[in-house]
Amino acid sequence: MPGEASESELRGPVQVPDGLTPGNVSSVINLQESSAAEVPELNVNDPDSWSGQTHSSSRQRVPRDSAMWTGWWLWPLVAVCTADQFRDNAVRLMQSTPVIDGHNDLPWQLLKRFNNQLQDPRANLTSLNGTHTNIPKLKAGFVGAQFWSAYTPCDTQNKDSVKRTLEQIDVIQRMCQLYPETFLCVTDSAGIQQAFQEGKVASLVGVEGGHSIDSSLGVLRALYHLGMRYLTLTHSCNTPWADNWLVDTGEDEAQSQGLSSFGQSVVKEMNRLGVIIDLAHVSVATMEAALQLSKAPVIFSHSSAYSVCRHRRNVPDHVLQLVKQTGSLVMVNFYNDYVSCKAEANLSQVADHLDYIKKVAGAGAVGFGGDYDGVSRLPSGLEDVSKYPDLVAELLRRQWTEEEVRGALAENLLRVFKAVEQARAPENTATNSCLPASWHPLREV
């Protein structure tokens, strides 16, 4: 539960005797077992038994204190080696089923730090510093697909939100053009699987905030044709047609009581196009309305479990039941405030959220939505995108089956994406590329 220290934190570091490695643990265990078999019962009335020498036998026995010393350091060592085994198994699983992450704000960092000038040497994604995400970290974390956030702040609503959203979609597409050996821009589930086969990071566009469509179904359709494959119905502000999560805290007033009639039209049009509905950031009433209206499963691209951390950005139990009933997906957020409801959190507490969602909504309802490069505080053990294997190892330690782990890594999102594609109107076809193959960035403005 949140706030509790993990077993490894309580134990502290294990001191391993010189010359002993995980590779020879089994022989040491056998040695201990055979040695312990030779240790006689300790008789406090017989001093000779203390040294292991009996009157009835001249055979030398292993001193009991030596066997006890062996036991003292052996079992923590076994725990360490078991942990190594979980990590090894996590890597093995992720080599064939890499993680699909639901939300990463690297494009926002590129805007803030470099004004989207990707040719700036400091913006080189192979050596980028000061971010949670760069190419080496993505490879170390076995990230096989990423929904990159095309985000523009709420204060752009009714102003220049559409233009600024287009600029963020542009920077995502230019990432794919400048680093074709690493990123493959895709727009459908088949494209994700193609990227897996090619060993690349499938790169998809998620538009974070309904204010980015400026209350226009025409803009919604245009963003779809530019590669948007999910739309978060609100950010942390109401749109004229949907309420955000701050309504549930009392900081904002409800305007639509969930979804207005136009908001319902937005949901229906997203179903028709084949755009995934994202309910991160929305109010509970909006969650309920969208889940009941949508003909396809929805996602929470970066939200956690309210019962584990009572923050209104998280998903309450009755909504988790709707998630289960609709085959939808909650991709767990790593932001400390949503994990532990405190400024500090750890990897084990993130796993608590995954466990809880699995328990309430089923193993098919769980995914990862780290929110890297969009938050200021991350759990110890999950400091950047390279740490995903450690979280997977923790799930294996908690006795998640390999099938359940593969689901959380990628298969659950692929199932949802395919269902969204199947529910769309027949005339809407998707291509595997966000841009024509001949497109090249000539200059940056």
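For clarity, every value in this text was computed on a predicted model and none was experimentally measured.
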query = Counting only N and O atoms by type, is there a donor-acceptor contact under 3.5 Å from the side chain of N238 to the main-chain atoms of N244?
reply = yes
ask   = Do V385 and D101 touch side chain to side chain, with heavy atoms closer than 4.5 Å?
value = no
request  = Please work out whether the ring planes of Y151 and H235 are parallel, tilted or perpendicular, with thresholds of 30° and 60°.
outcome  = tilted
key: N116 (side chain) donor-acceptor with L111 (main chain) under 3.5 angstrom   = yes
message = Please check this pair: side chain of N134 against backbone of T126, looking for a donor-acceptor N/O pair closer than 3.5 Å.
response = no
task = Sequence neighbours left out, what pairs pass side-chain hydrogen bond (donor to acceptor under 3.5 Å, both in side chains) with at least one residue falling in residues 354-369?
result = S307-Y356, D317-Y356, D355-R398, D355-W400
task = Kindly state each residue pair satisfying ring-ring contact (aromatic ring centres under 6.0 Å, His included) with at least one member in residues 124-143, sequence neighbours excluded.
result = H132-Y372
ask   = Does any N or O in the side chain of R415 come within less than 3.5 Å of the main-chain N or O of G327, such that one atom is a donor and the other an acceptor?
value = yes
Polar side-chain atom of T326 near backbone of P297 as donor-acceptor pair, under 3.5 Å = no
Disulfide bond (SG atoms under 2.5 Å apart) pairs, two or more places apart, involving residues 139-170 = C154-C237
Between CD on residue E288 and CG on residue L259, distance to nearest 0.5 Å = 11.0 Å
Side-chain donor or acceptor of D384 paired with backbone N/O of K137 under 3.5 Å = no
inquiry  = Quick check: do N89 and V392 have side-chain heavy atoms less than 4.5 Å from each other?
reply    = no
task = Mind checking the CD1-CD spacing from I213 to E269? Nearest 0.5 Å is all I need.
result = 9.5 Å
N104 side, atom CG; L204 side, atom CG - distance, nearest 0.5 Å = 12.5 Å
ask   = Under the 3.5 angstrom rule, does the side chain of S328 hit a backbone N or O of K324 as a donor-acceptor pair?
value = no
inquiry  = Return the NZ to CG distance between K200 and L184, rounded to the nearest 0.5 Å.
reply    = 5.5 Å
key: pair W108-D373: side-chain heavy atoms closer than 4.5 Å   = no
key: Non-hydrogen side-chain atoms of Q157 and P240 separated by less than 4.5 Å   = yes
ask   = Which of parallel (below 30°), tilted (30 to 60°) and perpendicular (above 60°) describes H311 and W245?
value = tilted
message = Just so I know, are the side chains of V99 and Y388 near enough to count as touching, which here means a heavy-atom distance under 4.5 Å?
response = yes
Heavy-atom check, side chain of M175 versus side chain of L125, under 4.5 Å = yes
Inter-residue atom distance L217.CG - L273.CG, 0.5 Å rounding = 9.0 Å
message = Quick check against the 3.5 Å criterion: does Q117 have a side-chain atom that pairs as donor or acceptor with the backbone of N115?
response = yes
ask   = Hey, what do you get for CD1 (I172) to CD (Q146), rounding to the nearest 0.5 Å?
value = 10.0 Å
